[in-house]
Asker: 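Here it is: the structure, laid out below.
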Amino acid sequence: MENQVLDVAIIGGGPAGLNAALVLGRARKRVAVIDEGRPRNAVTREAHGFLTRDGISPSEFRRIAMEQIGAYPSVSFVADTAVSVAGADGRFQIATERGTVFASKKLLFAVGLKDRPLQIPGLAEAYGKSAFVCPYCDGWELRDQPLVLIVKGADLMHFAPLISGWTNRFAVCTNGPDELTDAQREELRRHGVPVFESPIRSIDSDDGIVRQVVLEDGTTIPCRGIFFKPELVTGSDLPRTIGCRMTEDGMVVVDDLGKTNVPGVYSAGDAASRRNWAIAAASMGAFAAAALNNELNLEAWKRNG
């Protein structure tokens, strides 16, 4: 397909990119999904909260998606990394790590987010097995279990009431100063939530199932699970290089249909939203695809009139 002009080049093959490919394929558009095959949720055993797919593994989710999209011959999958984009609306060029160059009328960035390296010793070993970032995705499996929350400040005051819906047996490790006000500390005390400010020395686990959190002051906190606030970055810098407006924390700025400030360029999924949930990303991909299809059809209509 690299010898043809694509209607849409989709950079990123997570839920947003795949759902966009499905919608565009059904709309008879020539599409290439360029994806490096290193999804952020690869560490996760199961994905939850996606109707008809609750509990599915991320790899099986992608396999089924690609199988179903395969029914639409105008969509192709490219196992490669997009390394540069150039051009303008109607004539974009996308170069990949392997040296392929694609020409496309439109672009959809579905590049997602990536985790910065986890700095706490032992956290990486438990991540995706008993240490998680989203209680809506993994809280049910840890219901009524003793947990540790690794979070501080305003984020803690949001997260503590939230997690209490799954368990009231949790402690907080702020891994340094708690960044709380006196009133916030008193609120947590009233709810019986212990807060430990000592830095974390290590997280001990067996085959990824956490046993305890060990602090630098020698305190040990037994637990069966952890929720923590990750440090995230946009999965690719390509939206910025082509001129997309970004928020201070690196999110692509889009309208309700995924359109960026750059004509012909859209973004969907976690890179363009803080609703970091597979089903939300898939929804955004579908809406962006419909908007792209409408834009392409209207342009063709005007040319042929």
Side-chain angles (χ1 to χ4, degrees), residues 40-48 113-235 248-251 270 274 276-277:
R40 180 180 171 229
N41 66 356
V43 300
T44 304
R45 292 174 174 173
E46 297 179 347
H48 294 280
L113 296 170
K114 291 183 178 179
D115 291 287
R116 292 188 186 276
L118 303 175
Q119 300 298 325
I120 299 173
L123 183 55
E125 289 78 3
Y127 188 24
K129 298 175 182 176
S130 61
F132 306 101
V133 300
C134 173
Y136 290 105
C137 302
D138 299 289
W140 170 260
E141 286 68 31
L142 292 172
R143 64 195 182 279
D144 297 324
Q145 295 297 309
L147 306 181
V148 165
L149 311 184
I150 303 176
V151 64
K152 59 186 174 182
D155 292 322
L156 166 55
M157 299 313 296
H158 164 75
F159 211 76
L162 175 63
I163 205 69
S164 69
W166 284 273
T167 182
N168 59 10
R169 302 167 63 193
F170 64 92
V172 173
C173 291
T174 58
N175 199 28
D178 62 21
E179 300 181 7
L180 297 170
T181 66
D182 289 341
Q184 289 170 333
R185 294 187 189 97
E186 174 60 21
E187 180 180 339
L188 292 168
R189 188 197 63 77
R190 288 198 310 271
H191 286 275
V193 178
V195 178
F196 300 90
E197 292 187 87
S198 177
I200 298 171
R201 179 186 299 165
S202 65
I203 293 170
D204 297 341
S205 62
D206 295 318
D207 296 323
I209 305 304
V210 65
R211 291 187 294 107
Q212 62 182 9
V213 176
V214 183
L215 304 184
E216 289 288 358
D217 65 5
T219 302
T220 60
I221 309 169
C223 61
R224 296 296 294 168
I226 290 172
F227 283 97
F228 69 100
K229 179 178 172 59
E231 293 187 35
L232 302 172
V233 294
T234 305
E248 288 186 4
D249 58 351
M251 188 174 72
D270 288 358
R274 287 296 170 259
N276 302 150
W277 206 352

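No experiment lies behind these values; they were computed from the predicted model shown.
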Asker: Sequence neighbours left out, cut at 3.5 Å: what donor-acceptor pairs do the side chains of residues 119-139 make with other protein atoms?
Answerer:
| unit_1 | atom_1 | unit_2 | atom_2 | d |
| --- | --- | --- | --- | --- |
| Gln119 | NE2 | Pro117 | O | 3.3 |
| Tyr127 | OH | Asp115 | OD2 | 3.2 |
| Ser130 | OG | Gly208 | O | 2.6 |
| Ser130 | OG | Val210 | N | 2.9 |

Asker: Please report the C-alpha distance between Glu179 and Thr174 in whole Å, then the side-chain angles of each, then the deciding distance to 0.1 Å, and finally whether the side chain to side chain contact (heavy atoms under 4.5 Å, CB included) criterion is met.
Answerer: CA-CA 9 Å; Glu179 300 181 7; Thr174 58; over 6 Å; no

Asker: CD1 of Ile203 to CD1 of Ile150: how many Å apart, nearest 0.5 Å?
Answerer: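 Here the interatomic distance stands at 4.0 Å.
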
Asker: Kindly compute the distance separating CD (Glu141) from CZ (Arg45), expressed to the nearest 0.5 Å.
Answerer: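 One finds 11.5 Å between CD of Glu141 and CZ of Arg45.
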
Asker: Show the nearest heavy-atom pair for residues Leu149 and Ala160, with the distance to one decimal.
Answerer: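 Taking every non-hydrogen atom into account, CD1-CA, 4.3 Å.
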
Asker: Side chain to side chain contact (heavy atoms under 4.5 Å, CB included), that's the test. Do Leu188 and Leu180 meet it? Break it down for me.
Answerer: CA-CA 10 Å; Leu188 292 168; Leu180 297 170; 3.8 Å; yes

Asker: State, to 0.1 Å, how close Thr181 and Gln184 come at their nearest heavy-atom pair, and which atoms those are.
Answerer: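 Shortest heavy-atom contact: N-OE1, 2.9 Å.
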
Asker: Would the distance check show the side chain of Asp178 and the main-chain N or O of Glu197 forming a donor-acceptor pair, the cut-off being under 3.5 Å?
Answerer: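 No, the answer is negative, given that no donor and acceptor are paired below the 3.5 Å cut-off.
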
Asker: Could you tell me whether the side chain of Thr234 and the main chain of Gly250 form a donor-acceptor pair under 3.5 Å?
Answerer: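 The answer is yes, because a donor-acceptor pair under 3.5 Å joins these two groups.
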
Asker: Quick check against the 3.5 Å criterion: does Thr44 have a side-chain atom that pairs as donor or acceptor with the backbone of Glu46?
Answerer: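 Absent.
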
Asker: Give a yes or no on whether Arg224 atom CZ has more than 12 heavy-atom contacts from other residues, nucleotides or ligands under 6.0 Å away.
Answerer: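 Counting neighbours around CZ of Arg224, 12 or fewer heavy atoms of other residues, nucleotides or ligands fall under 6.0 Å, so no.
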
Asker: Are Arg190 and Glu187 ion-paired here, with the side-chain N under 4.0 Å from a carboxylate O?
Answerer: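 Between Glu187 and Arg190 there is no salt bridge, as every charged N stays at least 4.0 Å from the carboxylate O atoms.
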
Asker: Please report the interatomic distance CD(Gln212) to CD1(Ile221), rounded to the nearest 0.5 Å.
Answerer: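 Going from the CD atom of Gln212 to the CD1 atom of Ile221 covers 9.5 Å.
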
Asker: Do any side-chain atoms of residues 162-169 form donor-acceptor pairs under 3.5 angstrom with protein atoms, and if so which ones, sequence neighbours left out?
Answerer:
| unit_1 | atom_1 | unit_2 | atom_2 | d |
| --- | --- | --- | --- | --- |
| Ser164 | OG | Pro161 | O | 2.5 |
| Thr167 | OG1 | Gln145 | O | 3.0 |
| Thr167 | OG1 | Arg169 | N | 3.1 |
| Arg169 | NH1 | Asp144 | O | 2.7 |

Asker: With heavy-atom distances below 4.5 Å as the criterion, would you say the side chains of Val233 and Arg116 are in contact?
Answerer: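 A side-chain contact exists here, since the closest heavy-atom pair is under 4.5 Å.
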
Asker: For the CZ atom of Arg185 and the CG atom of Leu156, what is their distance to the nearest 0.5 Å?
Answerer: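 One finds 10.5 Å between CZ of Arg185 and CG of Leu156.
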
Asker: Quick check: closest heavy atoms across Ile226 and Cys223, and the distance to 0.1 Å?
Answerer: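 Answer, listing the atom of Ile226 first, then Cys223: CG1-SG, 4.3 Å.
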
Asker: Just wondering, are more than 12 heavy atoms of other shown residues or ligands nearer than 6.0 Å to CD in Glu216?
Answerer: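 Yes, CD of Glu216 has more than 12 neighbouring heavy atoms, counting only those of other groups under 6.0 Å.
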
Asker: Counting only heavy atoms not in Asp207 (residues, nucleotides, ligands), do more than 12 fall under 6.0 Å from its CG?
Answerer: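 Check fails, neighbour count at 12 or below.
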
Asker: Can you find a pair of side-chain heavy atoms, one from Phe228 and one from Leu118, that are under 4.5 Å apart?
Answerer: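 SC-SC contact between Phe228 and Leu118 confirmed.
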
